[in-house]
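All remarks here apply to the structure that follows.
Hydrogens, waters and symmetry mates are skipped; everything else that's a heavy atom, side chains included, is used. The chains referred to below are lettered A, B, ... by the order of the sequence lines, with proteins before strands, and numbering in each begins at 1. In this text, all values refer to a predicted model and were calculated from it rather than measured experimentally.
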2 protein chains.
Amino acid sequence: MSPSTLKPRPLNHRTHSHAPLFAALGDETRLSLLTKLSAGQQRSITDLAHNSPLTRQAITKHLRVLERAHIVRCTRSGRERLYELDPLPVQSLKNYLDALSNQWDAALTRLRTFVESEHS
Amino acid sequence: MSPSTLKPRPLNHRTHSHAPLFAALGDETRLSLLTKLSAGQQRSITDLAHNSPLTRQAITKHLRVLERAHIVRCTRSGRERLYELDPLPVQSLKNYLDALSNQWDAALTRLRTFVESEHS
DNA sequence: CTAATATGCAACCAAGAGGTTTCCCATGGA
DNA sequence: TCCATGGGAAACCTCTTGGTTGCATATTAG
């Protein structure tokens, strides 16, 4: 087996980091907003802020965070601003986590094989 | 079709939120630490801080964040503290994202079916 | 024993996040 | 037209985050 077969290629995903995406998901309020939006309907800001302990302005800020991370997109309709989910980045994150855990599994497997061959 | 068939069950995952996990992953430094650890070997703090623009103490803080989120665990060996990945929460996050995008897909499908039946 | 190494702890700091309040603008409907 | 409604902007506050420095402690090597 050539050494290059063993090298894991350190999972950088072309330096385009997923950290901002993760950060955008790292807040309870924003996750609950995503839950509401995952029903599939476009919702206005006031609508999303309804039945929330927070102010409309707070919800607005959270929506902007989600928008900057491209987790959510928004279109204007009259005086309303309608938000909806953007399904793509979720897929991107899943791919990243897949790569991470695959690399982890592969490392464990290599380690195990090595240890076994040492003992044979 | 009964209404209960349509209801999406809002994806709460027993109130145990994933926000702290996401937050722990929402930092470039921590992601790069995870990349290093994904090679599968236990690494000491000084080892992980080597070739980093940051101080050892900064790395220590980041490792503690990862530890609190149970993304990483650590064992003491002499005067060293060895960190390694904990593969479980990654799987949990993947499941969560799967649920989210499934719910999103399902909502879209229901919406489409509804629109089509309206036009028939 | 002594020196070097690996880490911990505490104080401190600047910047950002999350939230509120207040006031203003635009639009839709009566 | 007039007013209720949806939303934006800015100022402000507090707590957290990400980082530093300095010093103390424990363990290993010689």
Side-chain angles (χ1 to χ4, degrees), chain A residues 15 17-37 39 41-86 89, chain B residues 15 17-37 39 41-86 89:
Chain A
T15 318
S17 171
H18 298 77
L21 240 78
F22 281 122
L25 294 177
D27 180 279
E28 311 266 0
T29 305
R30 289 197 285 272
L31 281 188
S32 83
L33 284 175
L34 289 184
T35 299
K36 284 174 188 165
L37 286 177
Q41 294 156 3
Q42 299 189 333
R43 311 274 299 263
S44 75
I45 297 182
T46 317
D47 186 12
L48 288 168
H50 193 239
N51 280 336
S52 164
L54 303 182
T55 342
R56 169 182 61 86
Q57 287 83 346
I59 301 295
T60 298
K61 286 190 180 180
H62 283 297
L63 285 172
R64 286 219 237 268
V65 172
L66 291 173
E67 201 176 1
R68 268 203 317 241
H70 297 98
I71 301 174
V72 122
R73 63 172 102 84
C74 118
T75 60
R76 303 204 45 174
S77 158
R79 64 182 163 186
E80 286 185 330
R81 193 174 278 270
L82 298 179
Y83 281 90
E84 64 182 338
L85 267 188
D86 185 348
Chain B
T15 319
S17 172
H18 298 75
L21 239 77
F22 281 122
L25 294 177
D27 180 280
E28 311 266 0
T29 304
R30 291 196 285 271
L31 281 189
S32 82
L33 284 176
L34 290 184
T35 299
K36 284 174 187 164
L37 286 178
Q41 294 156 2
Q42 298 189 333
R43 311 274 299 263
S44 75
I45 298 182
T46 317
D47 186 12
L48 287 168
H50 193 239
N51 280 336
S52 164
L54 303 183
T55 345
R56 170 183 60 85
Q57 287 83 346
I59 301 295
T60 298
K61 284 192 180 180
H62 282 298
L63 286 172
R64 288 220 236 270
V65 171
L66 291 172
E67 202 176 2
R68 270 203 316 243
H70 297 97
I71 301 175
V72 122
R73 60 171 105 84
C74 115
T75 61
R76 301 205 48 174
S77 158
R79 64 183 162 185
E80 285 186 332
R81 192 175 277 271
L82 298 178
Y83 280 91
E84 65 182 337
L85 267 189
D86 185 348

Subject >> L82(B) CG to dT7(C) P, straight-line distance once rounded to whole Å >> reply: 8 Å

Original post:
Side-chain contact, heavy-atom cut-off 4.5 Å: C74(B) with Q42(B)?
Top reply: no

Original post:
dG18(C) base to E28(A) side chain: any donor-acceptor pair below 3.5 Å?
Top reply: no

**OP:** Go through dT20(C), dG19(D), dG8(C) for me and flag the one nearest to the T55(A) side chain.
**Re:** dT20(C)

Original post:
Between dT17(D) and R68(B), is there an OP1 or OP2 to side-chain N/O distance shorter than 4.0 Å?
Top reply: no

**OP:** Rounded off to whole Å, could you give me the CZ-to-P distance for the F22(B) and dT17(D) pair?
**Re:** 18 Å

Subject >> Nearest listed nucleotide, side chain of D27(B), among dG8(C), dG19(C), dG18(D) >> reply: dG18(D)

Original post:
Under 4.5 Å between any side-chain heavy atoms of K61(A) and V65(A), yes or no?
Top reply: no

Subject >> Separation of atom CG in L63(B) from atom C1' in dC9(C), rounded to whole Å >> reply: 16 Å

Subject >> Partner of Q57(A) by side-chain contact (heavy atoms from CB on, under 4.5 Å), out of I59(A), L54(A), T55(A) >> reply: T55(A)

**OP:** Examine the base of dT5(D) for any acceptor or donor lying under 3.5 Å from a partner atom in the side chain of R79(A), and report the outcome as yes or no.
**Re:** yes

Original post:
How is R76(B) classified with respect to the nucleic acid when contacts are heavy atoms under 4.0 Å: base, sugar-phosphate, or nothing?
Top reply: nothing

Original post:
For the pair made of NE2 in H50(A) and C1' in dT5(D), what is the distance, rounded to whole Å?
Top reply: 14 Å

Original post:
Counting side-chain heavy atoms from C-beta on, which of dG22(D), dG18(C), dG7(D) comes nearest to H62(A)?
Top reply: dG18(C)

**OP:** Just compare dG7(D), dT22(C), dT7(C) and give me whichever is closest to any side-chain atom of R81(A).
**Re:** dG7(D)

Subject >> Under 3.5 Å donor-acceptor pair, E80(B) side-chain atoms to dT28(D) base atoms >> reply: no

Original post:
Does R81(A) have any side-chain hydrogen bond (donor to acceptor under 3.5 Å, both in side chains) partners at least two apart in sequence or in another chain, and if so, which?
Top reply: none

**OP:** Look at the side chain of A58(B) and decide which nucleotide, out of dT21(C), dG19(D), dA11(D), has an atom nearest to it.
**Re:** dG19(D)

Subject >> L54(B), nearest nucleotide to its side chain (from dG18(C), dG19(C), dG19(D)) >> reply: dG19(D)

Subject >> Straight-line distance of K36(B) NZ to D47(B) CG, nearest 0.5 Å >> reply: 8.5 Å

Original post:
With respect to the side chain of R56(B), which nucleotide from dT28(D), dT21(C), dG8(C) is positioned closest?
Top reply: dG8(C)

**OP:** Verify the contact: side-chain N or O of R64(A) to OP1 or OP2 of dA9(D), cut-off strictly under 4.0 Å; return yes or no.
**Re:** yes

**OP:** Write down the distance between NZ (K61(A)) and P (dA9(D)), rounded to a whole number of angstrom.
**Re:** 12 Å

Subject >> Position toward the 5' end of DNA chain C (nearest nucleotide), S44(B) or A23(A) >> reply: S44(B)

Subject >> Nucleotide nearest Q57(A) when distance is taken to its side chain, options dT20(C), dG6(D), dG18(D) >> reply: dT20(C)

